[in-house]
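All remarks here apply to the structure that follows.
Values below: all heavy atoms of this structure, side chains included; hydrogens, waters and symmetry mates excluded. First listed ligand is number 1; within each ligand, the first listed atom is number 1.
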Amino acid sequence: MRRRKMLRMLGLAPLAGGAVLPGSASAAATSAAAFKGRDYFAELGVRTFINAAGTYTSMTASLMRPETMEAIRYASRKFCMLDELQDRVGERIAAITHAEAAVVTSGAFAALTIGMAGILTGKDPARVRQLPKLEGTGMKSEVICQKGHAIGYNQALTNTGVRIIMVETREELERAIGPNTAALHFLHINADRGRIQHEEWVAVGRKYGIPTTIDIAADVPPVSNLWRFNDMGFDWVAISGGKALRGPQSAGILMGKKNIIEAARLSMPPRGETIARGMKVNKEEILGMWAALEEFVSIDHDKEYQLFQARIDRIKAAAEAVKGVSTQVSHPKLGNCTPTLNITWDAALVRQDGNQLREALRKGDPSIEVMGGKDNLSITAWQLVEGEDRIVARRVREVLEAAAKA
Ligand SMILES: *Cc1c(COP(=O)(O)O)cnc(C)c1O
């Protein structure tokens, strides 16, 4: 039982009829071994790698847990009505997250678009069809956010036709609010780059009767962030399903006030003539998202953090063994909350730059992806499969040593 729980935590529990080969070289190799099936990536010539970078979209973000895959396989064998499944799964997700309602979307980005659509249209089907055209429809057209919260993902909001108004101070915020204000949007991961914090943001929304919304896409763990912002009174919350939650990469959750979630769903499939008809989630992703969430809230997050820390300590020690190399470990508090190792070096002693070192790691066997810039390597351990920290530690030391001799 303990072993199973441990394996489950590591995403390594054997699947029905499959066997795990301990110490497999990479995440991809491990899952291929677990399925004992066709090696599709090898057949296609698609490179697989150890992910010591993090939950990056381009790197396919995370590996799904066996429980998620079981739910996906289950769903693939049976028909059901799409809306009925969303209703029932939404109730379960809402209960876990303290929201009035929830719906599985095709990622956090889609959750932002669909959530904003719900605020704009309400439950008026004519308005649903009119998006993203707002002019002359009677719909509001402005979303206010803090300057420090302005990121490319705001495109998800402007896709509904709204424009973003930037403010910095509380005074500016209150001055910017007017008859066209549809919502006040907050980006949790950038909370420290804005002057107005969550509670005040919600309070201003309440004062003027304007919905407040929040993007927490990459911001669990801590697990409590799943309900913290619903409890705080945000009208909706958008989160990625495929990052730390380890659900399908193409899934996410929109959760919040019942009226708005119901309105948002009018823009979602199976309904057509809507801006989100193309943001479809299938029954496999819906069930997989729920299963992933259930697993995520059931695991011991303190233990998991310690596990990630131990892996990082091992890699850190290996890197430091090379003369001229320095390391620092940081603990991000707002998003991507996992021990993060920063490796730097004295360029007179280690004579390769970050790009060259990353290329060496990438070209090695097994291939390893890490992050960083020209002067550093940045490594996380939360997407590693059991045993891979040893491989990363050895390879990091090898490439640094080779660069020291160059
Ligand atoms: C990753 C991310 C998104 C997009 O999430 P998807 O689930 O990939 O659609 C949106 N906002 C922020 C802040 C993110 O980090």
Side-chain angles (χ1 to χ4, degrees), residues 51 53-64 68 93 97 102-118 143 145-160 162 164 166 183-194 198 201 212-222 225-226 228-229 234 236-256 264 267-269 275-282 284-286 288-293 296 332-338 340 369 371 378 380 382-383:
N51 180 1
T55 58
Y56 292 91
T57 300
S58 60
M59 298 184 193
T60 64
S62 64
L63 298 181
M64 290 187 273
T68 303
I93 293 177
T97 59
V103 65
V104 178
T105 64
S106 58
F109 192 95
L112 296 168
T113 301
I114 291 163
M116 193 50 62
V143 172
C145 85
Q146 298 183 72
K147 230 179 214 165
H149 294 206
I151 53 164
Y153 289 117
N154 277 348
Q155 177 81 36
L157 306 175
T158 56
N159 278 351
T160 64
V162 298
I164 310 283
M166 306 282 190
L184 311 183
H185 184 65
F186 198 96
L187 178 66
H188 177 67
I189 201 167
N190 281 16
D192 58 351
R193 297 186 203 179
H198 310 75
W201 199 253
T212 48
T213 62
I214 185 166
D215 177 349
I216 63 161
D219 309 341
V220 292
N225 275 357
L226 283 171
R228 181 177 163 207
F229 305 104
F234 279 92
W236 60 241
V237 180
I239 187 167
S240 276
K243 294 179 179 171
L245 290 178
R246 294 179 55 186
Q249 192 193 4
S250 50
I253 298 169
L254 175 69
M255 50 196 175
S267 283
M268 290 183 73
I275 55 161
R277 174 61 180 81
M279 300 177 206
K280 184 163 58 185
V281 244
N282 62 37
E284 291 80 8
E285 293 165 317
I286 296 169
M289 184 70 257
W290 174 43
L293 183 70
F296 187 79
K333 288 289 170 250
L334 289 168
N336 296 308
C337 301
T338 195
T340 303
E369 288 289 342
M371 297 306 283
S378 175
T380 65
W382 56 341
Q383 302 308 315

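- Remark: minimum distance from atom 4 (C) of ligand 1 to any protein heavy atom is reached at Tyr153 CE2, 3.6 Å.
- A side-chain N or O of Ser250 and one of Glu285 form a donor-acceptor pair less than 3.5 Å apart.
- Protein heavy atom closest to atom 8 (O) of ligand 1, with residue, atom name and distance, is Ser240 OG, 4.1 Å.
- When all heavy atoms of Trp201 and His185 are compared, the pair lying nearest together is CZ2-O, 3.3 Å.
- Side chain of Ser106 to backbone of Ala251: no donor-acceptor contact under 3.5 angstrom is found.
- From the protein, the heavy atom lying nearest to atom 9 (O) of ligand 1 is Phe109 N, 2.9 Å.
- Here's the thing with Ala108: one of its N/O atoms is less than 3.5 angstrom from an N/O atom of ligand 1.
- Here the protein heavy atom with the shortest distance to atom 15 (O) of ligand 1 is Lys243 NZ, 2.7 Å.
- Taking a cut-off of under 4.0 Å to the non-hydrogen atoms of Gly107, the atoms of ligand 1 that pass are 7 (O), 9 (O).
- Distance alone, capped at 3.5 Å, is enough to place a donor-acceptor pair between the Ser62 side chain and the Gly242 backbone.
- Every atom of ligand 1 is numbered from 1 in the order shown, and the set under 4.0 Å from a heavy atom of Leu187 is 13 (C).
- Residues Ala218 and Lys243 share a closest heavy-atom pair of CB-CD, 3.8 Å.
- Side-chain atoms of Asn225 and His188, non-hydrogen and from C-beta on, do get closer than 4.5 Å to each other.
- Those atoms of ligand 1 with a heavy atom of Asp215 less than 4.0 angstrom away are 10 (C), 11 (N), 12 (C), 13 (C).
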